[in-house]
Protein chains: 2
Amino acid sequence: MLQRSIGSLAKATGVKVPTIRFYEQIGLLPAPQRTLSDRRVYGEAAVGRLAFIKHARQLGFPVEAIRDLLRLSDSPEQPCETANALAAEQLSAVRAKIAQLQVLERELQQMVDAACIGEVANCRVIEALHDHTLCAGGHQTERRPTYAGL
Amino acid sequence: MLQRSIGSLAKATGVKVPTIRFYEQIGLLPAPQRTLSDRRVYGEAAVGRLAFIKHARQLGFPVEAIRDLLRLSDSPEQPCETANALAAEQLSAVRAKIAQLQVLERELQQMVDAACIGEVANCRVIEALHDHTLCAGGHQTERRPTYAGL
DNA sequence: GTGCATCCTCTAGCTGCTGGAGGATCAAGG
DNA sequence: CCTTGATCCTCCAGCAGCTAGAGGATGCAC
């Protein structure tokens with residue numbers, strides 16, 4: 001069977017070497033075997049697992065959710081409701097983020113549309129930032145996002 | 001003129017006390033006067049400045065951009081092109097983020113639509129994460145975003 | 001005077017990596 | 001055999017933008 005160094009695994013998956021070590025450290029990737037000189041040696045399974053992680057991260061799943069998804073993936077006889085729930089949760093987090101950004105987009109658009117040519121004293125952008133009442137006021141404070149960093 | 005404690009300023013602006021101290025530390029807010037017992041004392045100007053910062057943060061402006069905007073706001077005889085440019089830059093950053101999230105939204109939607117009822121072995125969600133070719137592949141790795149954290 | 005709120009500084013933690021220091025090891029060329 | 005450069009190791013610091021806690025000093029009302 002094929003054995004890989006960490007650099008080879010990095011090339012195969014497009015995940016950087018320090019990131020792979022980081023995933024091992026936080027327990028997303030199992031600690032691999034080592035050579036006599038303490039170098040990590042990976043089998044083919046690691047490629048699949050790391051690709052899974054990478055894909056999930058690209059979709060914005062937080063690490064804790066990926067941990068759950070990997071556990072599920074490792075035990076295929078389990079019911080898959082949890083996986084569905086995690087995906088649904090992530091979807092709604094993404095949608096919430098989009099909606100929030102669209103509010104910002106509208107307000108920024110207004111600022112940019114009203115852009116002045118003169119001095120800062122008459123600048124609409126600065127003015128709008130000073131006077132919150134000029135905007136729709138729809139943007140949120142958004143502390144402690146419930147789910148993903150995104 | 002009205003003098004405020006840090007707690008009062010926090011209440012007046014909706015910005016938390018440690019955050020105010022943090023803004024002072026990174027130089028967004030000037031260091032205020034102190035009482036004999038070393039407590040911070042703010043004037044009314046601080047309310048306006050902090051509200052400005054809060055609003056800009058809500059709009060997703062990164063701290064460095066806010067620093068620039070505050071400098072501009074402090075010297076109203078300057079031309080306001082920089083302010084316009086910062087707003088435009090922020091707008092395009094927000095738009096880019098929205099576009100990226102919409103790609104994720106579509107892919108997650110597909111996953112959720114295909115959600116299975118049985119075991120993980122047949123779970124579409126897990127399968128989609130394993131097999132990148134099942135999705136549009138449009139999502140980016142998005143390392144080192146050029147502008148805002150958002 | 002007693003108790004609680006508020007303030008102070010300092011430090012560490014959050015997420016998800018990224019990069020560097022300082023050193024060991026490996027493989028290839030001369 | 002020796003050198004060179006790539007790769008590997010561990011550990012630690014840093015990014016953004018806060019947030020929270022320790023441990024202690026005041027302030028104020030009853």
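Letters go in sequence order (proteins before strands), and every chain restarts at 1.
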Review point. Under the side chain to side chain donor-acceptor pair (under 3.5 Å) test, which residues partner B:R71, sequence neighbours left out?
Key: B:D68
Check your understanding: With sequence neighbours excluded, what pairs up with B:F52 under the ring pair (Phe, Tyr, Trp, His ring centres under 6.0 Å) test?
Key -> A:H130
Point to revise | Per-nucleotide protein contact string for nucleotides 3-11 of chain C (B base, S sugar-phosphate only, - none; heavy atom under 4.0 Å) | key: ---BSSB--
Review point. Taking only residues two or more places apart in sequence or in another chain, which ones pass side chain to side chain donor-acceptor pair (under 3.5 Å) with A:S8?
Key: A:R4
Point to revise | Test side chain to side chain contact (heavy atoms under 4.5 Å, CB included) applied to B:A51 - qualifying residues, sequence neighbours left out | key: none
Exercise for review: Applying side-chain contact (heavy atoms from CB on, under 4.5 Å), run through B:L59 and B:Q90 and close with a yes or a no.
Suggested key: CA-CA 8 Å; B:L59 287 168; B:Q90 177 62 13; 5.6 Å; no
Practice item. Please round to the nearest 0.5 Å and tell me the distance separating atom NE2 of B:H55 and atom CG of A:L129. Key: 6.5 Å
Check your understanding: C:dT18 C1' sits how many Å from A:F22 CZ, rounded?
Key -> 10 Å
**Study point:** Cluster link A:V41 to A:Y23, ILVMFWY, side chain under 4.5 Å
**Key:** no
Study note, to complete from the structure: With A:L28 as partner, the option from A:R49, A:R57, A:R67 fulfilling side-chain contact (heavy atoms from CB on, under 4.5 Å) is A:R67
**Study point:** Relative orientation of the end axes in the helix from C:dG1-D:dC30 to C:dG30-D:dC1, expressed as an angle to the nearest 10° (five pairs per end)
**Key:** 20°
Review point. To the nearest angstrom, how far is B:Q3 atom CD from D:dG27 atom P?
Key: 16 Å
Practice item. Specify the residue among B:T35 and B:E64 whose closest nucleotide of DNA chain D lies further upstream toward the 5′ end. Key: B:E64
Check your understanding: So does B:T19 get a side-chain nitrogen or oxygen closer than 4.0 Å to the phosphate oxygens (OP1/OP2) of D:dG17?
Key -> no
